Amino acid sequence: MALQPGAVGARSRGAVARRVGLPVPGAPLPVRLRVAASHFSNWLADCLRSDLDRGRGFLWIPVAFALGVSVYFALPREPHWPTLAALGLAAACAAARARSAPTAFPALVLVTAMLAGLALASAQTARVAAPVIRGERTVELDGWVEAREPRPDGAVRYIVRVRDLKGIDPPRTPARVRFTARGKGPAPRVGDGIAVLARLAPPRGPVEPGGYDGARSLFFEGIGATGFSYGMPKAADLGPAPAGIRLRAMVARVRDGIGTRLRAALPGENGEIAATLLVGDRGGIPEKTQDAIRLSGLGHILAISGLHMALVAGTIFGTVRFVLAAIPGLALRRPIKKWAAVAALMAGLVYLILSGGAVATIRAFVMAAVALLAVLVDRPALTLRSVAVAALVVMILDPAAVLSPGFQMSFAAVIALVAAYEWQATRERSGGGDRNAGHGRRVLRTAALWMGGLALTSFVAGLVTAPIGALHFHRLAPL
């Protein structure tokens with residue numbers, strides 16, 4: 001049988017491809033997809049084995065936990081969370097009994113983390129589930145102001161803990177509602193009892209398939225209706241507010257006082273930006289300014305996160321340590337570095353409370369706390385392990401945050417930055433540095449590394465967060 005020209009070469013290439021596991025040239029698309037999936041799974045298994053060999057298996061636990069949360073939200077029906085919790089406990093017991101098994105133990109730990117994510121996400125849904133208003137309607141509402149946010153156009157957005165909705169049966173009354181108010185008269189503050197006539201509707205879902213689902217976020221906040229009010233809410237005597245709202249009111253008064261002083265000292269946009277950075281009150285920044293900040297790639301500056309927490313905690317840490325070091329009796333005999341770490345930890349906690357406690361701020365505080373606790377126990381501070389601990393803490397407190405753009409962008413940026421600088425530090429250690437260089441050369445090298453580090457930080461953070469921003473918001477920063 002005569003062979004076509006090139007057939008022998010094609011068969012040889014196909015044999016080599018099959019031997020090394022690559023897709024055979026000309027193979028059907030399903031075959032190529034199966035081979036690609038096999039390669040990906042093998043690569044993932046190699047990464048896992050490498051991390052386990054280096055004692056970094058803990059880093060995979062939050063990954064498995066987040067995978068369990070994601071699986072929960074992809075399920076077609078609601079699971080029974082006590083059953084999931086029982087399965088997770090059984091997996092944990094099995095992992096404890098298999099500690100000496102090199103393969104079974106890490107596999108069971110990851111299964112336990114995944115089941116824990118499933119169970120906690122399901123339990124959170126059961127815990128926060130509250131009635132949602134049926135259809136759009138105008139109702140008389142009274143309740144207590146739980147949160148308020150001034151808007152750039154002069155309106156105020158309120159979240160109200162509902163006491164009564166006229167015309168709606170109590171079992172069907174939402175626990176919280178959110179509405180925007182415009183009008184004359186004094187604007188009620190957090191903790192005040194109010195009465196208002198409002199046009200409310202069920203929370204709206206995504207405006208396009210796969211888009212941001214605002215209704216899901218509001219569901220986990222217990223908000224069962226959104227809309228607007230007819231005029232500014234009026235004060236109402238509803239008796240003492242619930243304890244949680246009274247605590248919020250105390251914090252809100254401090255935040256409002258700081259914001260008022262900032263705006264008095266810095267009139268205009270400067271004061272609004274300062275209030276945003278210190279107390280998380282970003283409602284006063286004009287929309288034009290916010291767009292300019294986003295287009296320039298600096299939108300993350302307005303979200304209180306690692307940069308802001310590092311400035312606060314780092315400033316307190318350095319100041320306290322400097323002052324204590326000026327006292328020889330303390331500096332020589334007492335652990336002033338650890339005392340400074342405790343002071344910075346307390347300052348970070350106060351800043352977390354005053355800033356409003358967003359996901360990015362909680363993540364930043366947990367990471368700062370891990371770093372400062374590492375100082376207290378004389379261990380390295382900033383590692384991927386601290387990022388993993390922060391991710392676990394945030395997900396345990398709020399499993400639904402896994403799907404939020406704030407969680408994804410915040411942790412993606414931090415993971416990429418820590419990994420990049422760990423890789424760079426490993427390269428410098430293996431290369432031996434430039435210890436024999438002259439003083440001038442070392443100064444120039446330090447300056448170059450400083451500037452290069454700033455550029456690398458911006459590039460890496462922008463690179464890893466751009467796809468997430470495009471997915472959720474359908475926009476990219478051009479700069």
Side-chain angles (χ1 to χ4, degrees), residues 51 54-66 109 112-113 116-117 120 251 278 280 303-325 327 330-399 401-402 406-407 410-426 429 457:
D51 284 343
R54 293 186 295 164
R56 295 163 68 95
F58 176 77
L59 303 181
W60 288 83
I61 293 179
V63 176
F65 192 101
V109 169
T112 301
L120 281 178
V251 175
L278 283 178
I304 299 178
S305 56
L307 170 66
H308 313 76
M309 188 63 68
L311 287 173
V312 171
T315 300
I316 296 299
F317 179 84
T319 302
V320 172
R321 191 178 183 190
F322 178 81
V323 171
L324 294 178
I327 306 174
L330 290 178
L332 297 175
R333 297 181 178 86
R334 301 297 179 184
I336 61 173
K337 183 178 180 181
K338 296 182 179 181
W339 290 2
V342 173
L345 185 62
M346 296 298 103
L349 178 60
V350 172
Y351 186 45
L352 172 67
I353 296 172
L354 292 179
S355 64
V359 171
T361 316
I362 295 174
R363 187 269 307 158
F365 172 73
V366 173
M367 286 195 62
V370 171
L372 294 170
L373 290 174
V375 172
L376 295 178
V377 297
D378 301 316
R379 296 291 299 274
L382 187 60
T383 64
L384 283 175
R385 186 178 293 267
S386 65
V387 182
V389 171
L392 276 176
V393 170
V394 173
M395 289 188 293
I396 289 173
L397 294 176
D398 183 12
V402 171
F407 177 94
S410 177
F411 277 100
V414 173
I415 290 170
L417 288 172
V418 175
Y421 280 103
E422 282 189 354
W423 173 76
Q424 180 63 25
T426 303
R429 285 196 298 268
T457 298

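Keep in mind that what you see is a predicted model, and the values were worked out from it rather than measured.
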field: Side-chain H-bond candidate by donor/acceptor type, Thr361 with Tyr351, under 3.5 Å
entry: no
query: Hey, what do you get for CG (Leu324) to CZ (Arg334), rounding to the nearest 0.5 Å?
result: 12.0 Å
- request: Indicate the atoms forming the closest heavy-atom contact of Leu330 with Trp339, along with that distance.
  value: CD2-CZ3, 4.0 Å
- prompt: What's the verdict on side chain to side chain contact (heavy atoms under 4.5 Å, CB included) for Val402 and Phe65, showing C-alpha distance, side-chain angles and the deciding distance?
  reply: CA-CA 10 Å; Val402 171; Phe65 192 101; 5.8 Å; no
task: Supply the atom-to-atom distance Ile316 CD1 to Leu311 CG, rounded to the nearest 0.5 angstrom.
output: 11.5 Å
message: Show, in sequence, the C-alpha distance, side-chain angles and deciding distance for Lys337 and Phe317, and conclude whether the side chain to side chain contact (heavy atoms under 4.5 Å, CB included) test is met.
response: CA-CA 8 Å; Lys337 183 178 180 181; Phe317 179 84; 3.9 Å; yes
Residues Thr457, Leu417; criterion side chain to side chain contact (heavy atoms under 4.5 Å, CB included); working and verdict: CA-CA 7 Å; Thr457 298; Leu417 288 172; 3.8 Å; yes
- prompt: For Lys338, which residues count as a salt bridge (Lys or Arg N to Asp or Glu O under 4.0 Å) partner, sequence neighbours excluded?
  reply: Asp378
task: Please check if the side chain of Ser410 supplies one atom and the backbone of Phe407 the other of a donor-acceptor pair under 3.5 Å.
output: no
- request: Rounded to the nearest 0.5 Å, what's the gap from CG on Leu384 to OH on Tyr421? Could you check?
  value: 14.0 Å
query: Would Val109 and Phe58 count as a side chain to side chain contact (heavy atoms under 4.5 Å, CB included) if you check the C-alpha gap in whole Å, the side-chain angles of each, and the deciding distance to 0.1 Å?
result: CA-CA 9 Å; Val109 169; Phe58 176 77; over 6 Å; no
- request: Drop me the distance from His308's NE2 to Ser355's OG, to the nearest 0.5 angstrom.
  value: 9.5 Å
statement: Note: Ala344 and Ala313 closest approach over all heavy atoms is CB-O, 3.4 Å
Check: residues 366-374 side-chain donor-acceptor pairs under 3.5 Å, at least two apart:
none

query: What's the shortest heavy-atom distance between Ala341 and Leu376, and which atoms?
result: CB-CD2, 4.1 Å
field: Atom pair CG (Leu392) and CD1 (Ile61), whose distance is rounded to the nearest 0.5 Å
entry: 7.0 Å
